Amino acid sequence: MKTFGRPLLTVLKTSGARSIASNVPEIRIYEVGPRDGLQNEPKFVPTEVKVELIHKLASAGLKNIESASFVSPKWVKQMSDAVVVMKSIKRESDVNYPALVPNLKGYETAKTCNVEEIAIFPAGSEAFSQKNLNCSVKQGLDRFREVAQQAVKDGIRVRGYVSCVLGCPYEGPISPRTIAKITEELLAMGCYEVSLGDTIGVGTAGSVRRLMKEILQVAKPENIALHFHDTYGQGLSNLLAGLEFGVRTVDSSISGLGGCPYARGASGNLATEDLVYLLYGLGVNTNVDLVKLVEAGRFISNFLAKPTESKVNRALGDRFNNHLDVVKMASCTAQ
Ligand SMILES: CC(C)(COP(=O)([O-])OP(=O)([O-])OC[C@H]1O[C@@H](n2cnc3c(N)ncnc32)[C@H](O)[C@@H]1OP(=O)([O-])[O-])[C@@H](O)C(=O)NCCC(=O)NCCSC(=O)C[C@@](C)(O)CC(=O)[O-]
């Protein structure tokens, strides 16, 4: 893979990304399984299962786990136990447990749970904004600005999402310029990072490149994250296309769970197991134990009584019980 004439790994190694060990570059994985992964599940997942999943993800080595959503329970019943989830997690000191917040009401509730980071989520399309937030894009931004300003004042980190960055289920293609403008607004209101959401997974490496060129007119790559749904099987190639531009934070969901109840046709996110396997193959340090991750994926898939959407999880079967063996195999396949 060439990037501006250089192999991807060379770009990763020379990009200034922090490394943990032996000069290996680091990618920050932002796990969304307990929130994006579960919010679309039709049957209510008991609070203790959600909490156990979060503990398993932390024990696999994930450091950013979006754990709940303080949206209206009338809109997303699955997330109605957000307070109990957040209060029940045994928090590890080096793990970040952000939560989604749609308005000041949700923010005030989140604060009672001592959240250290919230995520706000305007849309890139008018129609989706109406369906998902019951307001226009501009009204949504105004509402989120109030939340972000209050959070910054309170010393709570704010992450922004933009939904439908590569296409809207109701409007079709969305202009990269529109997404760049919203990204710029989110950064200006205090977001430390903006996650670009391909909510319905229609993007390709080509559309990701076109979007990234526009985004980098208004943002630095270190303030951008990539959030791909894998509806058309493009998640990993889209991710590689984004990494070529220097982005170092990637969202993914355990077992490939995910979807938005208000985005017709949205399916699961890029699976965390598949992402970690790819990164091992690229020699990128993740500090995540893939065997434990696979176990976490099986735990939640078994609970939901559905097959995992992660190809790596399926392929590994019971062949490995030591993550170093998996790392070796992933590294071999990359040569
Ligand atoms: C924004 C609203 C609230 C507007 O919804 P609304 O109906 O316009 O709001 P409202 O202010 O008129 O309130 C309606 C009722 O909800 C209550 N309410 C209002 N707010 C809250 C709150 N925070 N917590 C608890 N309750 C709340 C409020 O008190 C009231 O209760 P009532 O008086 O009727 O008894 C609603 O549209 C909403 O919650 N939307 C969220 C939908 C959602 O969660 N979608 C999925 C997440 S987005 C996503 O997945 C995409 C992403 C981020 O992953 C990126 C990607 O994949 O690309």
Side-chain angles (χ1 to χ4, degrees), residues 30-41 66-86 98-113 115 118-125 128-137 139-144 146-147 150-151 158-170 174 179 182-183 186 191 193-203 208 211 224-231 235 238 242 250-253 256-270:
Y30 183 99
E31 167 67 41
V32 296
R35 194 278 301 170
D36 202 352
L38 294 182
Q39 70 184 8
N40 207 24
E41 283 301 319
E66 199 169 87
S67 299
S69 175
F70 292 93
V71 297
S72 166
K74 294 192 169 150
W75 284 65
V76 184
K77 189 156 186 304
Q78 185 63 258
M79 294 286 116
S80 59
D81 56 352
V83 169
V84 193
V85 169
M86 290 306 286
L100 210 67
V101 163
N103 51 20
L104 277 174
K105 183 176 173 84
Y107 174 71
E108 289 304 329
T109 314
K111 241 176 40 170
T112 66
C113 303
V115 294
I118 58 160
I120 55 179
F121 53 104
S125 99
F128 183 69
S129 185
Q130 290 293 348
K131 297 262 186 204
N132 199 43
L133 295 165
N134 205 20
C135 64
S136 69
V137 172
Q139 287 165 332
L141 282 166
D142 290 345
R143 196 188 281 168
F144 285 126
E146 281 180 345
V147 173
Q150 190 55 52
V158 187
R159 182 182 214 240
Y161 282 101
V162 188
S163 309
C164 298
V165 298
L166 296 172
C168 165
Y170 312 102
I174 302 293
I179 304 302
I182 297 172
T183 300
L186 284 170
C191 293
E193 173 175 277
V194 175
S195 175
L196 303 172
D198 182 11
T199 314
I200 51 170
V202 287
V208 171
L211 174 65
I224 296 298
L226 302 166
H227 179 106
F228 294 122
H229 287 254
D230 207 19
T231 320
N238 288 349
V250 181
D251 299 0
S252 62
S253 171
L257 292 170
C260 172
Y262 297 101
R264 196 178 54 207
S267 76
N269 289 70
L270 171 62

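First listed ligand is number 1; within each ligand, the first listed atom is number 1. In this text the structure is predicted, and so the values were computed from the model without any measurement.
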Asks: With H227 as reference, evaluate L270, V32, L196 under the side-chain contact (heavy atoms from CB on, under 4.5 Å) test and give the passing residue.
Replies: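 That would be V32.
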
Asks: My understanding is that we take every heavy atom of each candidate and find the minimum distance to atom 29 (O) of ligand 1. Doing that for K105, H229, R159, which one comes out nearest?
Replies: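 When every heavy atom of K105, H229, R159 is considered, K105 comes closest to atom 29 (O) of ligand 1.
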
Asks: I'd like to check which ligand 1 atoms, numbered from 1 as shown, lie under 4.0 Å from a non-hydrogen atom of P73.
Replies: 25 (C), 26 (N)

Asks: Would you mind reporting whether S136 and Q130 have side-chain heavy atoms less than 4.5 Å apart?
Replies: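 With C-beta onward as the side chain, the pair touches.
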
Asks: Is V158 close to F144 at the side-chain level, that is, under 4.5 Å between some pair of heavy atoms?
Replies: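 No, their side chains stay 4.5 Å or more apart.
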
Asks: What part of P102 sits under 4.0 Å from ligand 1 if we count only heavy atoms: the side chain, the backbone, both or neither?
Replies: side chain

Asks: Of all the atoms in ligand 1, which lie at a distance below 4.0 Å from a heavy atom belonging to Q39?
Replies: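 Once the distances to Q39 are compared, the set is 46 (C), 47 (C), 49 (C), 50 (O).
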
Asks: Hey, does L100 sit under 4.0 Å from ligand 1 if you only count heavy atoms?
Replies: yes

Asks: Please report whether atom 23 (N) of ligand 1 has a protein non-hydrogen atom at a separation of less than 4.0 Å.
Replies: yes

Asks: Can you check whether a protein heavy atom sits less than 4.0 angstrom from atom 11 (O) of ligand 1?
Replies: no

Asks: How far is atom 39 (O) of ligand 1 from its nearest protein heavy atom, and which residue and atom name does that atom have?
Replies: S72 N, 3.0 Å

Asks: Are side-chain heavy atoms of S129 and S163 found at a separation under 4.5 Å?
Replies: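 They are not in contact (no side-chain heavy atoms under 4.5 Å apart), so the answer is no.
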
Asks: Within a distance under 4.0 Å of any heavy atom of G106, pick out the atoms of ligand 1 and give their elements.
Replies: 23 (N)

Asks: Would you say the side chain of L257 lies within less than 4.5 Å of the side chain of L38, judging by non-hydrogen atoms?
Replies: yes

Asks: How about N238 and L226: do any of their side-chain heavy atoms sit closer than 4.5 Å?
Replies: no

Asks: For Y161 and ligand 1, does the shortest N/O to N/O distance drop below 3.5 Å?
Replies: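 N/O-N/O distance below 3.5 Å does not exist for this pair.
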
Asks: Could you list which atoms of ligand 1 come closer than 4.0 Å to a heavy atom of K74?
Replies: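 In order of number, 31 (O), 32 (P), 34 (O), 35 (O).
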
Asks: Taking C-beta and beyond as the side chain, do Y161 and D251 meet within less than 4.5 Å on heavy atoms?
Replies: yes

Asks: Do R159 and P98 have side chains that get closer than 4.5 Å, going by heavy atoms?
Replies: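 No, their side chains stay 4.5 Å or more apart.
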
Asks: So, does R35 sit close enough to ligand 1 that a heavy atom of it is under 4.0 Å from the ligand?
Replies: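 Right, R35 reaches ligand 1.
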
Asks: To check your reading of the model: name the closest protein heavy atom to atom 58 (O) of ligand 1, its residue, and the distance in Å.
Replies: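 Going by distance alone, atom 58 (O) of ligand 1 is nearest to T199 OG1, 2.6 Å.
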
Asks: Among all protein non-hydrogen atoms, which one is nearest to atom 51 (C) of ligand 1, and what is the separation to 0.1 Å?
Replies: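 For this ligand atom, the closest protein heavy atom is S163 OG, 3.8 Å.
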
Asks: Side chain, backbone, both or neither: which part of H227 has a heavy atom under 4.0 Å from ligand 1?
Replies: side chain

Asks: For atom 40 (N) of ligand 1, which of L133, V71, N132 has the closest heavy atom?
Replies: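 The nearest heavy atom belongs to N132.
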
Asks: Just which atoms of ligand 1 are under 4.0 Å from any heavy atom in N134?
Replies: 6 (P), 7 (O), 8 (O)

Asks: Has D230 got a side-chain atom pairing as donor or acceptor with G235's backbone, closer than 3.5 angstrom?
Replies: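 Between the backbone of G235 and the side chain of D230 there is a qualifying donor-acceptor contact (under 3.5 Å).
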
Asks: At less than 4.0 angstrom from any non-hydrogen atom of W75, what atoms of ligand 1 do you find?
Replies: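 Once the distances to W75 are compared, the set is 5 (O), 6 (P), 7 (O), 36 (C), 37 (O), 38 (C), 39 (O), 40 (N).
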
Asks: Protein heavy atoms: any of them under 4.0 Å from atom 26 (N) of ligand 1?
Replies: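 Yes, at least one protein heavy atom sits under 4.0 Å from atom 26 (N) of ligand 1.
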
Asks: Which word best sums up how the rings of F128 and Y170 line up, parallel for under 30°, tilted for 30 to 60°, or perpendicular for over 60°?
Replies: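 The arrangement is parallel - the two ring planes meet at less than 30°.
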
Asks: Could you walk me through whether Y107 and I120 satisfy the side-chain contact (heavy atoms from CB on, under 4.5 Å) test, starting with their C-alpha distance in whole Å, then the side-chain angles of each, then the deciding distance to 0.1 Å, before giving a yes or no?
Replies: CA-CA 10 Å; Y107 174 71; I120 55 179; over 6 Å; no

Asks: Please answer whether the main-chain N or O of V202 pairs with a side-chain N or O of D198 as donor and acceptor at a distance below 3.5 Å.
Replies: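 Between the backbone of V202 and the side chain of D198 there is a qualifying donor-acceptor contact (under 3.5 Å).
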
Asks: Does the pair R35 and Q39 meet the rule for a side chain to side chain donor-acceptor pair (under 3.5 Å), with working shown?
Replies: CA-CA 6 Å; R35 194 278 301 170; Q39 70 184 8; 2.9 Å; yes

Asks: Short check: is a protein heavy atom less than 4.0 Å from atom 36 (C) of ligand 1?
Replies: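 It does; a protein heavy atom is within 4.0 Å.
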
Asks: Would you mind running through ligand 1 and noting each atom that sits below 4.0 Å from a heavy atom of G197?
Replies: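 Contacts of ligand 1 toward G197, numbered from 1: 58 (O).
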
Asks: Going by the order shown, which atoms of ligand 1 are within less than 4.0 Å of some heavy atom of R143?
Replies: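 Atoms satisfying the 4.0 Å criterion: 1 (C).
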
Asks: Can you confirm whether something in the protein, heavy atoms only, sits under 4.0 Å from atom 5 (O) of ligand 1?
Replies: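 When distances to the protein are checked, atom 5 (O) of ligand 1 has a heavy atom within 4.0 Å.
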
Asks: Judging by distance only, is a nitrogen or oxygen of S69 under 3.5 angstrom from one on ligand 1?
Replies: no

Asks: Is atom 14 (C) of ligand 1 less than 4.0 angstrom from some protein heavy atom?
Replies: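 No, there is none.
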
Asks: For atom 20 (N) of ligand 1, find the nearest protein heavy atom and state the residue, atom name and distance (0.1 Å precision).
Replies: N103 ND2, 2.9 Å

Asks: Show your working on side chain to side chain donor-acceptor pair (under 3.5 Å) between S253 and D36 and close with a plain yes or no.
Replies: CA-CA 8 Å; S253 171; D36 202 352; over 6 Å; no

Asks: Answer yes or no: is there a side-chain heavy-atom contact under 4.5 Å between E31 and S252?
Replies: yes

